[in-house]
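Below, chain A is the first sequence line, B the second, and so on; all start at residue 1.
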Protein chains: 2
Amino acid sequence: MVGAELHEIVTTRLRAAGQRYTPGRRAIVERLLGAGQPLTIPDVLEGSSLPQSSAYRNLAVLEQAGAVHRIVTSADFARYELAEDLTEHHHHLICSNCGTVEDFTAPPALERSLHKAVHEVEESTGFAAEHHRLDLVGTCKSCV
Amino acid sequence: MVGAELHEIVTTRLRAAGQRYTPGRRAIVERLLGAGQPLTIPDVLEGSSLPQSSAYRNLAVLEQAGAVHRIVTSADFARYELAEDLTEHHHHLICSNCGTVEDFTAPPALERSLHKAVHEVEESTGFAAEHHRLDLVGTCKSCV
DNA sequence: TGCTAAGTTGATATCGATTCTCATGTTCAC
DNA sequence: GTGAACATGAGAATCGATATCAACTTAGCA
Ligand SMILES: [Zn+2]
Ligand SMILES: [Zn+2]
Ligand SMILES: [Zn+2]
Ligand SMILES: [Zn+2]
């Protein structure tokens, strides 16, 4: 997905939610796009003149519109990334020491196995799964 | 795992952390054992005379001692369950509507596939995984 | 059984990430 | 251009969770 295309999709999704794609929102989306990993609010604000309250509000709006996904861990701050259908399906490596979150892509065989299991669980429990979430919790490279 | 055995293990773990297995802590462990699904603090307090501050403190102590596991979702309250090695390895069905969390056990083939993938990811990224976490997010049976 | 150190309790105060408020600024539609 | 609707940003408010601290229990020893 190239940048221009991304912004068009975000525009469409915001419109559908009765909202506008303002420069502040675009700045947030671009920062998330450039980061390549989920960012906290302080990360998003760093070196920017964006007010904190606007960052919180706009990330919430973008999440409601389906353009951004919020990741909550046991760390102090939540993290945000572009919605999966704007990037690609992936999972997370969560460092229990420093709190950083990295992306990783699971082997196709595992994804197939997952989809099959999701189906089985739906059948047997009556739970309607919207998506699966797989995290590996441990220690990241830079925390040794 | 039968109750008596469980309490012995909890006692041991608390001792190792320099703490005691008091009646209040035991009451919490028994409630978690009886529930069979992760409970919020209000759930734990319901119909009990346990003060809120003690519940928070003791659940934190039990978590540090490795007897209890804390689950954080996007719902208002965190949830607590007995540590996996006191029950059995399992995963969670998270209702995005009402916030409840149910346990489910993944098919052995999936767990094998997972372990293999975890190993591969560790090799390729340098991340040291302590455990994996698989959640299905969707709508529970009672939320239709 | 007393004694003391260490741990625990519970009411309350405090914290801090996030959300809410509202007056002002901006944008879109007609 | 005008008005309605939406967005902004500074600050206040919210609220789950944590810290505080004096009073209470317990464990271990003499
Ligand atoms: Zn780390
Ligand atoms: Zn997947
Ligand atoms: Zn539900
Ligand atoms: Zn598993």
Quiz item: Which letter, B, S or -, goes with each nucleotide of nucleotides 1-17 of chain D from 5' to 3', with contact meaning a protein heavy atom under 4.0 Å?
Solution: ----BBSBBBB----SB

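No side-chain heavy atom of Glu63(A) sits less than 4.5 Å from a side-chain heavy atom of Leu59(A). Side-chain contact between Leu110(B) and Leu110(A) is present, with heavy atoms from C-beta onward closer than 4.5 Å. At a threshold of 4.5 Å between non-hydrogen side-chain atoms, the residues Val29(A) and Leu86(A) do not count as touching.
Remark: side-chain polar atoms of Arg26(A) are not paired, donor with acceptor, to backbone N or O of Tyr21(A) under 3.5 angstrom.
For the helix from dT1(C)-dA30(D) to dC30(C)-dG1(D), the rotation axes defined at the first and last 5 base pairs enclose an angle of 30°, given to the nearest 10°.
The aromatic rings of His132(A) and His89(A) sit perpendicular, their planes meeting at an angle over 60°, well past the 30° parallel limit. By the 30° and 60° cut-offs, the orientation of the rings of His131(A) relative to His69(A) is perpendicular.
Ile28(B) contributes atom CD1, which lies 9.5 Å from atom CZ of Arg57(B) (distance to the nearest 0.5 angstrom).
Remark: P of dT8(C) and CZ of Arg15(B) are 11 Å apart, rounded to the nearest angstrom. Taking atom CG of Leu62(B) as the reference point, atom C1' of dG7(C) lies 15 Å away to the nearest angstrom. Rounded to whole Å, atom P of dT9(C) lies 11 Å from atom CG of Leu14(B).
Residues Val137(A) and Leu82(B) do not share a hydrophobic cluster, defined by chaining ILVMFWY side chains whose heavy atoms lie under 4.5 Å apart.
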